[in-house]
Amino acid sequence: MGSSKSGFNDDSASESYGGTAATESDTEADRDDECPPSLESSPYAEEEKVLAFHSLHIYEAKVKKIEYRLKEWRYYVHYLGWSKNWDEWVGVDRLMKYTDENLQKQRELNNKQDAEKTTKPSRAYYTKPKGSNVPRGKKRKNDSILKDKGALPLEKLVNIQIPPTLKKQLIDDCEFVTHLGKLVRLPRTPSVDDILKKYLDYRLKKDGIFLHQCRMADSVGEIMKGLRCYFDKALPVMLLYKSERQQYEETVADDVDPSTIYGAEHLLRLFVKLPELLVYANIEEETLRELQQKLNDFLKFLQKNQSLFFLSAYHVREEIETSTNNLVG
């Protein structure tokens, strides 16, 4: 939904942030067997105009379908003025009545978010931590390629097309970590290292070639090595949310590469930042086109194996669990 909604039009999902949140068939298996309450008891009605929260902004939307699932009301909403690819199922906590008071809240929140947004692409999703928050040794190691050099020329950005289901994965990832206070349990299996090796094997088998026997094999292998290098350098600087930093410092030792600890969730975040990073790589135009094709093919591979590579649920941070247990006790 443009840069204000997702940050991806100016980032790596070049065309649109068409993350289809859920289809009607996705919800069938989750419906309650018990008799649901009547529609009259629902807080919102079909075709009702509402205000909906999405990625730190509030948007005008319309309720298209209603269902009672897992003992709570769910609403299939269409964001007014946006493609139907954005339509999604949301809970009652994501909606507000369309009133003058709530419209004022919408303006205040959206103005606040727009004021905080920088001119650099992909800032809406991943804000570069301040230098004081990055471990000293690791920051020096990464400064050379990740230095902030001001606004980027958008015409030079690589056109990386993140598939819709992976865009939805990014939204869920953001909400799990920033809204629900959850984390990816580490170390991840498969790790980023494992996934890159799996893709290399997949590509070579599909093309009917053997490792190191032709230029194609060497090309794919070099790109995978490059991705691994970018990931290891970018993760502590720009791929972590603030609430994930303590986990990083406790888990990743100085002599350990993040690509052996983290998995697909954080690797996918890298693709949001790659367009701005590659601007500084000084790559020839022909090579850049080939690289763009390979990166988009890799994303299709991630999408094809999404259920194998990505977590379906994150875990609650230990201190939150302890606090909750103390309250219950």
Check: V192 and F231 side chains under 4.5 Å, non-hydrogen atoms
yes
Which value, rounded to the nearest 0.5 Å, describes the distance between E244 atom CD and T251 atom OG1?
11.0 Å
Salt bridge check: are E46 and K65 linked by an N-O gap of less than 4.0 Å?
no
Quick one: NZ on K49 to NE2 on H78, what's the gap to the nearest 0.5 Å?
11.5 Å
What's the verdict on side chain to side chain donor-acceptor pair (under 3.5 Å) for R289 and Q292, showing C-alpha distance, side-chain angles and the deciding distance?
CA-CA 5 Å; R289 282 198 298 268; Q292 178 176 296; over 6 Å; no
Might you work through the side chain to side chain donor-acceptor pair (under 3.5 Å) test for N305 and Y202, ending with a clear yes or no?
CA-CA 12 Å; N305 295 279; Y202 155 80; over 6 Å; no
Set out, in order, the CA-CA distance, both residues' side-chain angles and the distance that settles side chain to side chain contact (heavy atoms under 4.5 Å, CB included) for L268 and L299, then state yes or no.
CA-CA 8 Å; L268 184 57; L299 284 171; 4.0 Å; yes
For atom CD of Q104, is the number of surrounding heavy atoms from other residues, nucleotides or ligands below 6.0 Å larger than 12?
yes
K64 charged N/C atom sitting above Y76 aromatic ring, 6.0 Å / 45°:
no
Measure the CD1-CD distance between I58 and E108 for me, rounded to the nearest 0.5 Å.
9.5 Å
V184 side chain near H266 side chain, heavy-atom distance below 4.5 Å:
yes
With distance as the sole test, does Q169 use its side chain to make a donor-acceptor pair with the main-chain N or O of L166 at under 3.5 Å?
no
For the pair K205 and D201, find out whether any cationic side-chain nitrogen is under 4.0 Å from an anionic carboxylate oxygen.
no
Determine, using ring centers only, whether F309 and F301 are less than 6.0 Å apart.
yes
Rounded distance [0.5 Å steps], CG in L227 versus OG in S259
11.0 Å
Please step through side chain to side chain contact (heavy atoms under 4.5 Å, CB included) for the pair R188 and Y262, ending with a clear verdict.
CA-CA 5 Å; R188 282 286 287 116; Y262 288 82; 5.6 Å; no
To the nearest 0.5 Å, atom OG1 of T178 lies from atom OH of Y241 at 6.0 Å
Any carboxylate oxygen within less than 4.0 angstrom of a Lys/Arg side-chain nitrogen, looking at K273 and E276?
yes
Indicate yes or no: does R185 engage E265 in a salt bridge with an N to O separation below 4.0 Å.
no
T260 vs D257, test: side chain to side chain donor-acceptor pair (under 3.5 Å). Steps then yes/no.
CA-CA 6 Å; T260 64; D257 292 325; over 6 Å; no
Which pair of non-hydrogen atoms, one from Y59 and one from H57, has the smallest distance, and what is that distance?
CE1-CB, 3.3 Å
Return yes when atom NZ of K97 has more than 12 non-hydrogen atoms of other residues, nucleotides or ligands closer than 6.0 Å, and no otherwise.
yes
Close aromatic pair by centroid cut-off 6.0 Å: F271 and F298:
yes
Over 12 foreign heavy atoms within 6.0 Å of CD, E101:
no
From E175 atom CD to D172 atom CG, the distance as rounded to the nearest 0.5 Å:
6.5 Å
Check whether any side-chain heavy atom of F53 lies under 4.5 Å from a side-chain heavy atom of L95, and answer yes or no.
no
How about W89 and E67: do any of their side-chain heavy atoms sit closer than 4.5 Å?
yes
Going through the checks in order, is the side chain to side chain donor-acceptor pair (under 3.5 Å) test met by H54 and E88?
CA-CA 11 Å; H54 186 90; E88 61 178 338; 3.0 Å; yes
Do I261 and V256 come close enough that some side-chain heavy atom pair is under 4.5 Å?
yes
